Amino acid sequence: MRILGLETTCDETAAAVVENGEDGRGRILANEIRSQIADHAAYGGVVPEIAARAHVEVLDGLIARALAESGLELADMDGIAAAAGPGLIGGVIVGLTAGKALALVAGKPLIAVNHLEAHALTARLTDGIGFPYLLLLASGGHTQLVCVRGVGDYVRLGTTVDDAIGEAFDKTAKMLGLPYPGGPEVEKEALRGDPERFDLPRPMLRREVPNFSLSGLKTAVRLEAERIAPLSATDVADLCASFQAAVVDVIVDRSRVALRAFQAEAGRPTALVVAGGVAANQAIRGALTRFATEAGLRLVTPPPALCTDNGAMIAWAGLERLRLGLTDDLTTPARARWPLEPAEEAPEVEPTGV
C-alpha cells in the first residue's frame, strides 16, 4: 500500500510517499519539505497569510518532486492523505484542497488526516510499536499526554492550561532577544549556561492530574531578566539553562503522573513515545530516557526530521486509516481546531478558499 501525504498546517510545506512493509513498519520513499523560517523571521513568528501564500506557491512542485523521487506516478498511489487540521486555517485549506483535487483526478480515496494523530502514529512508522502506548505530544502549538489505544482511539490524560511547551520556549527566546525560531536558540544557549543560577518555579509539580502550566514560568524568567537588566551574554545563557531545566523537571514529573493514569486506564504501555517538534530537544530526550529506564519502559523518539511537521507522518497516518477502511469524501472540511478525542470536536470551517 502506497500513500501520498500532504502537510500544510503551519510553516512547513511538505509532500511525501510512504509504503507499508511486511514487518508492520513503514518505508519512506520520498519526503520533501520546504521550511518557511526565512519568510517569517523578520516578524518573530508565523504570519498566517504569508504562510498560506507560500504553501500555494510551492506545494505543486513538492508533490512533483516527491513522486519523482519515489519513482512512482500518481496512478500508483492507493490513496491521497492530506492534513485537514488542526492548524492555521488558510494553510490547511491549501493542502486539503490539493489533496481533494488529486484524489478526484486520479480516482483514489481521500484520507483527511488529523495533524495530531499523524504525530501520535509516527512511532509506528519508524519503530513498528504496538498499541497501547503513552504519548507525550509537545510542539509549538500543542502539549498533551495521551493514551494511544489504537488508530482513532485516544484518551487525553493531560494537557496545558495555558502555553504549549514549544510556545513557552519561543516566547522566552523573544524576551531574551534571541532570533526566530526560538526553541533551538534557547537550547543552544542553555548548553553554555548555569541551570542553577536562577531559582525558577516548577508549575504543577506533583499535581494528581498530569496537566501543564507554563505561563508562570515564563513570567518568572521575564521578572529575573528585568531585575538584572541590562543582560550580558552570560546572563542570557544562564536564564536559558535555568528555564530549560525547569521545563525538563516539569515534563518528567507530569510524565510520571500520566504513567499512573495510563495504567489505570489501559494497563501497562508498550512504550513511552515522544513526538512533536519539542522532542528534538536533547535535554528533554535525555531526561525522558532516564525516566523511561527507571520505569522499565521503552522510550521511542522518532528522528528529529520526523518530529517536526512533515509529509511522511501524514502519509503514514493516512495509510493506517486506509487499511482499516477509513476514508473521507470531498465535502470534508478544513478545521482550525480538531482535538484527538471525538467528543471534543470543534465547530467545522468550510474550505471556501484562501
Side-chain angles (χ1 to χ4, degrees), residues 10-12 35-46 136-143 160 162-205 212-256 274-292 299 301 303-305 307-309:
C10 192
D11 60 340
E12 278 96 10
S35 172
Q36 298 178 11
I37 287 176
D39 300 330
H40 302 284
Y43 306 97
V46 178
L136 169 62
L137 174 56
S139 67
H142 307 280
T143 296
T160 180
D162 40 59
D163 290 351
I165 293 174
E167 181 183 7
F169 267 86
D170 287 342
K171 288 180 176 178
T172 295
K174 194 168 186 178
M175 279 193 293
L176 299 178
L178 299 175
Y180 173 84
E185 295 297 323
V186 170
E187 181 181 12
K188 187 189 305 180
E189 289 292 321
L191 289 173
R192 63 184 190 85
D194 177 3
E196 297 183 356
R197 178 178 169 189
F198 299 99
D199 185 17
L200 298 178
R202 269 67 171 164
M204 297 290 208
L205 219 61
F212 295 79
S213 175
L214 296 164
S215 63
L217 172 58
K218 185 184 62 185
T219 299
V221 173
R222 176 175 61 79
L223 293 175
E224 289 288 356
E226 290 174 350
R227 181 178 65 84
I228 62 173
L231 299 178
S232 67
T234 299
D235 294 333
V236 170
D238 291 347
L239 281 166
C240 287
S242 299
F243 166 78
Q244 182 171 270
V247 171
V248 166
D249 288 348
V250 168
I251 288 174
V252 171
D253 177 78
R254 303 290 77 202
S255 298
R256 183 176 290 111
V274 188
V278 176
N281 181 291
Q282 294 303 307
I284 292 173
R285 282 191 179 220
L288 287 173
T289 297
R290 293 188 292 275
F291 164 67
L299 179 70
T301 53
C307 288
T308 52
D309 295 349

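Treat the numbers as computed from the prediction; the structure is a model and nothing was measured.
- Of all heavy-atom pairs spanning Thr143 and Ser139, the tightest one is OG1-O, 4.4 Å.
- With values rounded to the nearest 0.5 angstrom, Asp11 atom CG is found 5.5 Å from His40 atom NE2.
- The line from CD of Gln282 to CD of Gln244 is 10.0 Å long, rounded to the nearest 0.5 Å.
- Remark: aromatic rings of Phe243 and Phe169 are close, center separation under 6.0 Å.
- Under a 4.0 Å N-O distance rule, the pair Arg202/Asp253 does not qualify as a salt bridge.
- At a threshold of 4.5 Å between non-hydrogen side-chain atoms, the residues Cys240 and Leu178 count as touching.
- Side-chain contact between Glu226 and Leu223: present, with at least one pair of heavy atoms (C-beta onward) separated by less than 4.5 Å.
- Distance check: Leu136 CG to Leu288 CG gives 6.5 Å after rounding to the nearest 0.5 Å.
- Note: Leu217 CG to Asp249 CG = 10.5 Å, rounded to the nearest 0.5 Å.
- Between the side chains of Asp162 and Ser213, at least one donor N or O sits under 3.5 Å from an acceptor N or O.
- Summarising the geometry of Phe198 relative to Glu224, their closest heavy-atom pair is CD2-OE1, 3.6 Å, with the distance given to 0.1 Å.
- In this structure, Arg197 contributes its side chain and Leu239 its backbone to no donor-acceptor pair below 3.5 Å.
- With hydrogens and angles disregarded, no donor-acceptor distance shorter than 3.5 Å links the side chain of Asp170 to the backbone of Glu167.
- Contact annotation: the side chain of Glu189 never approaches that of Leu176 to less than 4.5 Å [non-hydrogen atoms, C-beta and beyond].
- In terms of modelled atom types and a separation under 3.5 Å, the side chain of Asp238 and the main chain of Asp194 share a donor-acceptor contact.
- Side-chain contact check for Ile37 versus Pro181: some heavy-atom pair is nearer than 4.5 Å.
- Taking all atoms of both residues into account, the shortest heavy-atom contact from Ala225 to Leu231 is O-CD2, 3.7 Å.
- The two residues Ala164 and Gly141 have their closest heavy-atom pair at CB-C, 3.7 Å.
- Counting heavy atoms from C-beta on, the side chains of Ile165 and Thr160 never come closer than 4.5 Å.
- Contact record, Ala245 with Pro195: CB-CB, 3.9 Å, taken as the closest heavy-atom pair.
- Heavy atoms only, all atoms of each residue included: Pro203 and Pro201 are closest at CD-O, 3.4 Å.
- Side-chain atoms of Arg285 and Pro304, non-hydrogen and from C-beta on, do get closer than 4.5 Å to each other.
- Side-chain atoms of Arg256 do not come within 3.5 Å of backbone N or O of Phe291 as any donor-acceptor pair.
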